[in-house]
Amino acid sequence: MLHKWKPFSFLEKPHICCRLSSLTFFKPSVSVARLLEEEPPLSRSHNDPVFEILSGLKKLGFRRFLSGDYFRSVVFSLDQLQVNKIINFLRIESPDFAVVFFDLMRNEYRFQHSRFSRFVVAHVLAEQRRLEELRFVLEQMLKEEGSGSAPSLCEPLLNGFRDWDKNSLVWDMLAFVYSRFEMVHDALFVLAKMKDLKLHASILTYNSLLYNLRHTGTLWDVYNEIKVSGITQSKQTNSIVIDGLCRQSKLQDAVSFLRETEATGLGPSIVSLNTIISRYCKLGFTGVAKSFFCMMLKYGLLPDSYSYNILIHGLCIAGSIEEALEFTSDMKKHGVEPDIVTYNILTKGFRLLGQMDGAWKVIQRMLDRLNPDVVTFTILICGHCQNGNVKEGLKLREEMLSRGLQLSVLSYSVLLSSLCKVGQVHEALVLFYEMEEQGLEPDHVTYSILIHGLCKQGEVQSALLLYEEMCSKSIPPSSLSSGAILLSLCENGMISEARVYFDSLIMNDWAHDIVLYNIMIDGYARQGNLEEALELYTIITEKGITPTTVTFNSLIYGFCKNRNLAEARRLLETIGLHGLKATAVTYTTLMNAYCEDGNMRCMLELLQEMHAKGIRPTHVTYTVIIKGLCKQQKLQDAIRLLEDMRYMGLSPDQVTYNTIIQCFCKARNIKMAFKLLNEMWMNSLEPTPATYNILINGLCVHGNLKDANKLLISLHKQNIKLTRVAYTQIIKAHCVKGNAYSAFMFFCLMMEKGFEISIKDYSAVINRLCKRCLITEAQHFFCIMLSHGISPDQEICDVLFNACQQCGDLSFVYEMLAWTIKSGLLTQK
DNA sequence: GTAGGGTTAG
């Protein structure tokens, strides 16, 4: 095999020159002849480069020959077999030269060595105990061979090098490097072969393997193998096993293991105890964590900075910042100086409590001794962004750059998420591209943030493109990113598209998360498509995926929507049978259905059941009850409940107010309705477009139309977000009263806001005007419609014809007739 | 071999 290499002036490099000049060349020996005779007949003519090189090396000396013209002229035509021969020859004669020649060919001529040559050199290095270099040679080989290569590497090692000195060390290093590269299956394969050959792996290899298997059940198998083989364990062995057990949520086993190892005489190491303390902290059991901290002292072990930082972090997460600060002082007293990690932990502790001033004080204290690092900045950026201050976050980014700190994927993610939160998805995308330009690899969290942001803006297509990009980079989609897309498709009414996407997730075996099924089931339930929802539920049970209460809540919603309250109620009972607990959402869904049905008795029964089960009603529950009271015209009770809610610490939301405001409008108590609107403002509740629709409708139907005009015009001028309903209902009211001009004016305002006017809007107006024999006005709207490119349908034509005839306006009848004949819409009468 | 920073949902 020929290779195209680039020549380098290797001999100009001082370190290589040194090395070469310090070596003297060897004398020829019998082994040379043996080596050359082993291979197919070699013509020892001047055309054979191997022969020429070997004899050249002999005659001129190593350094002179390799820098000479002959070698330069022939080196590019050497193939792997020829290089094998030279290296093997050198190994026998002068092993040092074999390594130097090997390195030279690889580094200066970019030569792709064969497995054979690499193993030859590996054995030379093993024999000389040059372990770092041995590791490097094998690392290079594994990088090129990749995962799954163990069988093809073991084969030559098994057949060609079995009797070589230090063969066992090469095997062990091979297993070690596979393990360090997280190619666990390959490492296990090598170990199995070693077992066949009765070769022992070192504890370092086993430790590395244990570390990489710490998340899996295989951990125990490997640990038992170590025990059986009788290899002396190191302190690390125990702490890795403890860490593994902790990660597999087998905390009790980890503690028992700690006690056992304590009995064997090795005693618990500080790392093992730190690991256990860390796990208890992560579970929120700071009390237990502290008792292990004391145990440490009992054993005569002095807590190190890890021990303190782990505990301080646990306390900060639990919100006990005071105690965290006490431990920090304690740390100093015991001669352990707080480091950058300690300060970062405390800063985050204050941030979590929303006390950014406290966070700044920590930073101030730190600045005397230490410089803030990327983590410090990330915490600070996060603090600002959480308060909605993206600008300040971006300023800190500038500060980082001016200090020469490179932003990490994490710090970018924080900025991206807050840009997305305030709806600046396109600015987020710009930052995302900048991040990639800097060579940072976005991870699944970064993608989740952007996908979610795009979906929230309704840009499902862009989100899908980004999702595909993520998959193409072999970043497995998290349930968060795929969930965002699924939810967005469902919410935008694209349920069949959602299903196609969902099926593709199942096909790729990415849909294990119940959340994804829940989103899909909810999508169907909200459409009232119970059949599909129930079919998905069956799939869940068949796959052995455990449903959650949310699954049942969606199904209950579906039954309620289809007015099958009996079945919905039955499902409520089923929740308990699955070992799950009904939530306030479950009850509120059912209560709402009973309320809609006018069955207040059942609704209140459910409320009592909630109380009995200790399920706390939410503000939504109360909103449903208020709706029930409103239906029964118990307005004062509704107001009282609204007050009670606040008393119980529940904040009424816009829907609560909308419900009650609507009720007062219907009761013609417009004054009270506006008083409640005022109350919303007082409680910093921004009224929704629905709130205004309710008020405008109230004024139109039960109040003064002039006030409705004033309200809508004022909202319109203030650019307050409204829906088309606000305009259409007032237009309707004006038509009923025969105010064609006012109707026309609001029509214009509606168009000004960019709402599309459909044929239905025109029909509504024309219908009402015709009923009052306002033919000219109706004709006027008819013409506007035509001028906007909307073709009339048969219904509109019929209405106009009839009205013209009934009201005696025959001139327009002929005009209409001509028009309808032309457009093929002639009425069949 | 152990400690610190990000997403967020039916």
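What you see is a predicted model; the values in this text were computed from it and never measured. Numbers restart at 1 for each chain; the letters A, B, ... are given by sequence-line order, proteins then strands.
- A straight line from CG of A:L516 to P of B:dT8 spans 17 Å, rounded to a whole angstrom.
- When heavy atoms are screened at a 4.0 angstrom cut-off, A:I345 is found touching the sugar-phosphate backbone but no base atom.
- A:K421 comes within 4.0 angstrom of sugar-phosphate atoms only, judged by non-hydrogen atoms across all strands, and of no base.
- The closest side-chain donor-acceptor pair between A:N518 and A:T551 falls under 3.5 angstrom.
- A:N553 comes within contact range of no nucleotide atom at all, as no heavy-atom separation falls under 4.0 Å.
- The side chain of A:S278 lies closest to B:dA3, out of B:dG1, B:dG5, B:dA3.
- Taken residue by residue, residues 307-322 of chain A places heavy atoms nearer than 4.0 Å to DNA chain B at A:N309, A:I310, A:H313.
- Results of the ring pair (Phe, Tyr, Trp, His ring centres under 6.0 Å) test with A:F552 over A:F559, A:Y557, A:Y587, A:Y537 single out A:Y537 as the only residue that passes.
- Here B:dT7 presents its P atom at 12 Å from CG of A:L416, a figure rounded to the nearest Å.
- Counting only heavy atoms from C-beta on, A:I240 has its side chain closest to B:dG1 among B:dT7, B:dA3, B:dG1.
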Extract all donor-acceptor atom pairs below 3.5 Å that involve side chains of residues 316-327 of chain A and protein atoms in other chains or at least two apart in sequence.
{"unit_1": "A:E323", "atom_1": "OE2", "unit_2": "A:K290", "atom_2": "NZ", "d": "2.4"}

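- Counting non-hydrogen atoms under 4.0 angstrom, A:R279 reaches nothing in the nucleic acid.
- Using a 4.0 Å cutoff on non-hydrogen atoms, the parts of residues 372-379 of chain A near DNA chain B are A:D373, A:V374, A:V375, A:T378, A:I379, ordered by number.
- Contacts of A:V409 with the nucleic acid, taken as non-hydrogen atoms under 4.0 Å apart, include base atoms.
- The base of B:dG1 lies outside donor-acceptor range of the side chain of A:N238, with no N or O pair under 3.5 Å.
- If you take CE of A:M435 and C1' of B:dG6, they are 10 Å apart, rounded to a whole angstrom.
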Distance-only check: which donor-acceptor pairs under 3.5 Å involve side-chain atoms of residues 349-363 of chain A, not counting sequence neighbours?
{"unit_1": "A:R351", "atom_1": "NH1", "unit_2": "A:Q386", "atom_2": "OE1", "d": "2.8"}

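- Looking at heavy atoms from C-beta onward, A:D522 lies out of side-chain contact with A:C490 at the 4.5 angstrom threshold.
- Rounded to an integer number of Å, the gap from A:I485 CD1 to B:dT8 P is 15 Å.
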Exercise for the section: Let me see the working for A:N212 and A:F181 under side-chain contact (heavy atoms from CB on, under 4.5 Å), right down to the final yes or no. Expected result: CA-CA 9 Å; A:N212 281 314; A:F181 280 2; over 6 Å; no
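- With hydrogens and angles ignored, the 3.5 Å screen pairs a side-chain donor or acceptor of A:S413 with a backbone N or O of A:V409.
- The closest donor-acceptor contact from the side chain of A:T588 to the backbone of A:A584 lies under 3.5 Å.
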List the atom pairs, donor and acceptor, that lie under 3.5 Å between side-chain atoms in residues 291-305 of chain A and the rest of the protein, sequence neighbours left out.
{"unit_1": "A:S291", "atom_1": "OG", "unit_2": "A:V288", "atom_2": "O", "d": "2.6"}
{"unit_1": "A:Y299", "atom_1": "OH", "unit_2": "A:E262", "atom_2": "OE1", "d": "2.6"}
{"unit_1": "A:Y299", "atom_1": "OH", "unit_2": "A:E262", "atom_2": "OE2", "d": "2.9"}
{"unit_1": "A:D304", "atom_1": "OD1", "unit_2": "A:N274", "atom_2": "ND2", "d": "3.3"}
{"unit_1": "A:D304", "atom_1": "OD1", "unit_2": "A:Y306", "atom_2": "N", "d": "3.2"}
{"unit_1": "A:D304", "atom_1": "OD1", "unit_2": "A:S307", "atom_2": "N", "d": "2.9"}
{"unit_1": "A:D304", "atom_1": "OD1", "unit_2": "A:S307", "atom_2": "OG", "d": "2.7"}

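- Using a 4.0 Å heavy-atom distance criterion, A:S478 is classed as making no nucleic acid contact.
- For the pair A:R214 and A:Y211, the cation-pi criterion (under 6.0 Å, within 45° of the ring axis) is fulfilled.
- Of the side-chain N and O atoms in A:R180, none sit less than 4.0 angstrom from OP1 or OP2 of B:dG1.
- DNA chain B is contacted by A:Y211 of residues 207-220 of chain A, taking any non-hydrogen atom closer than 4.0 Å.
- When rounded to the nearest whole Å, the span between CG of A:L454 and P of B:dT8 equals 13 Å.
- Spacing between atom NZ of A:K348 and atom C1' of B:dA3 amounts to 12 Å, rounded to whole angstrom units.
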Exercise for the section: List the steps, then state whether salt bridge (charged side-chain N to carboxylate O under 4.0 Å, His left out) holds for A:K395 with A:E392. Expected result: CA-CA 5 Å; A:K395 261 193 204 165; A:E392 206 55 41; 3.8 Å; yes
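- Atoms CD1 (A:I475) and C1' (B:dT7) sit 14 Å apart, rounded to a whole Å.
- Side-chain N or O atoms of A:S272 include none that pairs as donor or acceptor with a backbone N or O of A:P268 at under 3.5 Å.
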